[in-house]
Asks: 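Can you keep this structure in mind? I'll have questions shortly.
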Amino acid sequence: MGETATGPLIIGEEYFEDPHSVHARLREESAATRIVLPRGLRVWLVTRYEEARFVLADPRFAKDHARTNELAARHWTGEGDPVMFDQSLVRHMLNTDPPNHTRLRKLVTKAFTPKRVEALRPRIQEITDELLDAAGQGEVDLVEALAFPLPITVICELLNVPMDQRDDFRRWSNILVAGNQPELMHEAGAAMAGFLAGLVADKRADPGDDFFSALVHATEDDDRLDEVELISMAFLLLVAGHETTVNLIANGVFNLLRHPDQLEKLRADRSLLPGAIEEFLRYEGPVNQATFRFTTEDVQVGDVLIPEGHFVLVSLVAANRDGSRFPDADTFDITRPAGGHLAFGHGVHYCLGAPLARLEGEIAVGSLLDRFDIGLAAEPDTLRWRESTLMRGLYSLPVSLSDRGAH
Ligand code: HEM
């Protein structure tokens with residue numbers, strides 16, 4: 001049980017092209033399956049909705065970066081050693097449990113409440129309009145023109161990070177998040193850590209009125225972050241802030257274009273937009289397998305007993321296609337009640353940026369539809385998905401745009 005007939009499932013290229021049919025098979029077979037990740041780490045993968053929620057909320061599925069390193073060595077079947085993240089990037093809230101998690105998260109929650117985020121609406125609209133002006137007409141890669149630059153600009157402005165090294169930052173971030181180019185990981189990690197250490201130093205010398213400067217300058221009386229915690233916090237916010245929302249926008253528009261009836265419905269009734277964003281998140285969410293957790297004791301997950309000290313990954317994409325929770329789960333329907341999806345996770349690590357991501361998604365897609373008639377400019381099967389178990393996203397999305405004003 002929990003293993004395919006031929007032994008652990010090895011995740012490879014075909015998985016990235018179509019994870020949904022692999023998930024459908026695994027969901028059918030058992031609550032958790034042993035898999036081997038592309039570079040050789042053995043983990044358990046959870047694909048059913050109920051069990052996904054259970055694992056995400058139960059403290060026996062723990063996070064602790066020090067233990068993660070030790071366990072990675074134990075469960076490694078690949079060549080050489082598992083490549084670890086640069087140690088100055090890992091001491092952030094998504095790598096730790098309460099009480100330390102509670103302390104770190106408390107320091108930044110205020111900056112991301114729905115009210116604070118709503119205040120960003122005019123600026124997000126302005127950035128979107130500028131990007132759409134620049135996109136022009138004709139054939140355009142929507143990832144480059146809108147889906148990537150919008151969220152990265154917003155998060156850089158929020159943290160008051162200069163934009164001149166944006167391309168370097170994107171390259172390091174892509175390498176670290178995909179994790180499939182071990183030979184580049186050390187260099188990318190060190191470069192990223194160096195860049196962020198410089199950012200912290202700049203904010204010490206010349207604070208702005210952004211909340212990251214406030215964190216750097218917290219006094220001894222307030223809760224104070226040490227240098228590595230500051231660097232790790234900046235890393236998490238910048239990476240989480242831009243690796244994900246790009247996929248919400250691009251995957252969402254891609255699925256709208258593949259389902260013209262749904263696109264027409266949305267054009268005809270724009271009050272459907274918030275619900276459509278939820279369906280984008282459910283049907284093809286930006287995060288596939290949530291971040292690493294490990295068992296602190298033997299734990300029963302549905303029909304499978306997962307031993308102590310094993311890694312467990314939850315596929316949010318798979319859970320959101322579980323037909324026992326979402327009827328006709330493989331049907332893309334922007335009018336369905338998609339609430340309760342797990343695209344933002346669940347439990348204490350539930351996404352801090354969810355209100356910001358939803359707002360960016362609504363403004364981006366709404367503005368795109370307002371301004372343009374839009375069609376896919378490539379056969380859907382020719383588009384390439386990133387070879388990442390963490391992210392579900394397209395490398396590029398070629399579309400044709402024609403100004404609606406011209407009609
Ligand atoms: C559509 C876009 C987004 C999606 C789908 C998404 C998804 C997620 C998920 C699934 C988690 C939990 C991971 C786990 O438990 O393993 C998470 C955590 C987190 N997200 Fe997002 N995210 C998005 C956008 C953002 C944005 C814009 C920010 C902005 C700062 C952000 C910041 C964070 C942070 C800080 C955490 C860690 C929370 C904690 O550990 O308590 N996310 N996100």
Side-chain angles (χ1 to χ4, degrees), residues 43 46 52-53 55-59 61-65 68 90-114 116-117 120 124 147-148 150-159 161 177 210-212 232-252 277-294 311-320 341-365 389-393:
V43 304
V46 174
R53 272 176 69 96
V55 169
L56 292 171
D58 190 307
F61 298 90
K63 286 168 164 288
D64 168 357
H65 59 89
T68 300
V90 294
R91 281 185 37 218
H92 55 68
M93 69 184 103
L94 191 50
N95 272 342
T96 183
D97 284 331
N100 196 36
H101 168 267
T102 320
R103 163 184 163 256
L104 291 173
R105 183 157 171 144
K106 214 174 99 195
L107 288 166
V108 288
T109 37
K110 274 202 215 100
F112 290 94
T113 57
R116 286 289 284 276
V117 166
L120 301 173
I124 298 176
F148 171 72
L150 175 62
I152 186 72
T153 307
V154 171
I155 195 73
C156 283
E157 286 194 3
L158 260 180
L159 271 74
V161 176
V177 167
D210 56 291
F211 80 94
F212 194 65
S232 297
M233 176 78 87
F235 175 64
L236 175 66
L237 294 174
L238 286 168
V239 169
H242 92 280
E243 289 278 351
T244 47
T245 314
V246 49
N247 301 335
L248 165 61
I249 298 168
N251 299 0
I277 298 289
E278 297 312 303
E279 179 65 349
F280 294 176
L281 288 161
R282 184 201 70 83
Y283 184 79
E284 191 105 58
V287 177
N288 181 3
Q289 300 175 7
T291 56
F292 283 89
R293 288 161 170 80
F294 61 84
F311 286 120
V312 182
L313 292 180
V314 173
S315 170
L316 307 172
V317 161
N320 287 336
H341 66 70
L342 298 180
F344 289 120
H346 174 64
V348 293
H349 295 286
Y350 181 83
C351 178
L352 177 77
L356 178 59
R358 286 184 164 117
L359 183 62
E360 289 176 357
E362 273 186 41
I363 292 176
V365 176
T389 46
L390 179 62
M391 295 298 167
R392 175 75 181 150

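One-based numbering, in listed order, for ligands and for the atoms of each.
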Asks: How are the rings of Phe235 and His92 set to each other: parallel, tilted or perpendicular (split at 30° and 60°)?
Replies: tilted
Asks: Distance under 4.0 Å to a non-hydrogen atom of Leu236: what atoms of ligand 1 satisfy this?
Replies: 35 (C)
Asks: What are the two closest non-hydrogen atoms of Leu342 and Ala52, and how far apart are they?
Replies: CD1-CB, 3.8 Å
Asks: Heavy-atom pairs closer than 4.0 Å: do any link ligand 1 to the side chain of His101, the backbone, both, or neither?
Replies: side chain
Asks: Do Thr68 and Phe294 come within less than 4.5 Å of each other through their side chains, counting heavy atoms only?
Replies: yes
Asks: Tally every protein N/O/S atom whose distance to atom 21 (Fe) of ligand 1 is less than 2.8 Å; waters are neither shown nor counted.
Replies: 1
Asks: With the side chain counted from C-beta on, respond yes when Arg358 and Glu278 share a heavy-atom pair under 4.5 Å apart, and no when they do not.
Replies: yes
Asks: Do any nitrogen or oxygen atoms of His349 lie less than 3.5 angstrom from nitrogen or oxygen atoms of ligand 1?
Replies: yes
Asks: Check His349 against Thr96 and note the closest heavy-atom contact, atom names and distance.
Replies: CE1-O, 3.1 Å
Asks: Among His346, Arg293, His92, which one has a heavy atom closest to atom 15 (O) of ligand 1?
Replies: Arg293
Asks: Can you name the closest pair of heavy atoms from Arg293 and Thr291 and give their distance?
Replies: NH1-O, 3.2 Å
Asks: Any idea which atoms of ligand 1 are less than 4.0 Å away from a heavy-atom of Pro286?
Replies: 1 (C), 5 (C)
Asks: Mark up the atoms of ligand 1 that fall under 4.0 Å of a heavy atom belonging to Val348, in ascending order.
Replies: 41 (O)
Asks: Can you name the atoms of ligand 1, numbered from 1 with element, that are less than 4.0 Å from a heavy atom of Ala343?
Replies: 5 (C), 7 (C), 10 (C)
Asks: Please identify which of these residues, Leu248, Val314, Thr244, meets the side-chain contact (heavy atoms from CB on, under 4.5 Å) condition with Val287.
Replies: Thr244
Asks: Which atoms of ligand 1 sit under 4.0 Å from any heavy atom of Thr245?
Replies: 2 (C), 24 (C), 27 (C)
Asks: Apply side chain to side chain contact (heavy atoms under 4.5 Å, CB included) to residues Val246 and Ile152 and explain how you reach the verdict.
Replies: CA-CA 9 Å; Val246 49; Ile152 186 72; over 6 Å; no
Asks: Kindly indicate whether the side chain of Asn320, heavy atoms from C-beta on, has any atom under 4.5 Å from the side chain of Leu281.
Replies: no
Asks: Under a 4.0 Å heavy-atom limit, does Leu316 contact ligand 1 with its side chain, its backbone, both, or neither?
Replies: side chain
Asks: Can you sort out which atoms of ligand 1 are near Thr291, meaning under 4.0 Å from one of its heavy atoms?
Replies: 14 (C), 16 (O)
Asks: Give me the atom names and distance for the closest heavy-atom approach of Arg116 to Lys110.
Replies: CG-O, 3.2 Å
Asks: Looking at Leu248, which atoms of ligand 1 are within less than 4.0 Å of one of its heavy atoms?
Replies: 1 (C)
Asks: Assess Phe112 for proximity to ligand 1: is some non-hydrogen atom of it under 4.0 Å away?
Replies: yes
Asks: Within the structure provided, determine whether Leu150 and Ile363 are in side-chain contact (heavy-atom separation under 4.5 Å).
Replies: no
Asks: Do Leu316 and Leu56 touch side chain to side chain, with heavy atoms closer than 4.5 Å?
Replies: yes
Asks: Check this for me - ligand 1, Arg105, N or O atoms closer than 3.5 angstrom, yes or no?
Replies: yes
Asks: Does a side-chain heavy-atom distance below 4.5 Å link Val161 with Phe212?
Replies: no
Asks: Return the residue, atom name and 0.1 Å-rounded distance of the protein heavy atom closest to atom 13 (C) of ligand 1.
Replies: Leu94 CD1, 3.9 Å
Asks: Near Ile155, which atoms of ligand 1 are under 4.0 Å from a heavy atom of that residue?
Replies: 30 (C)
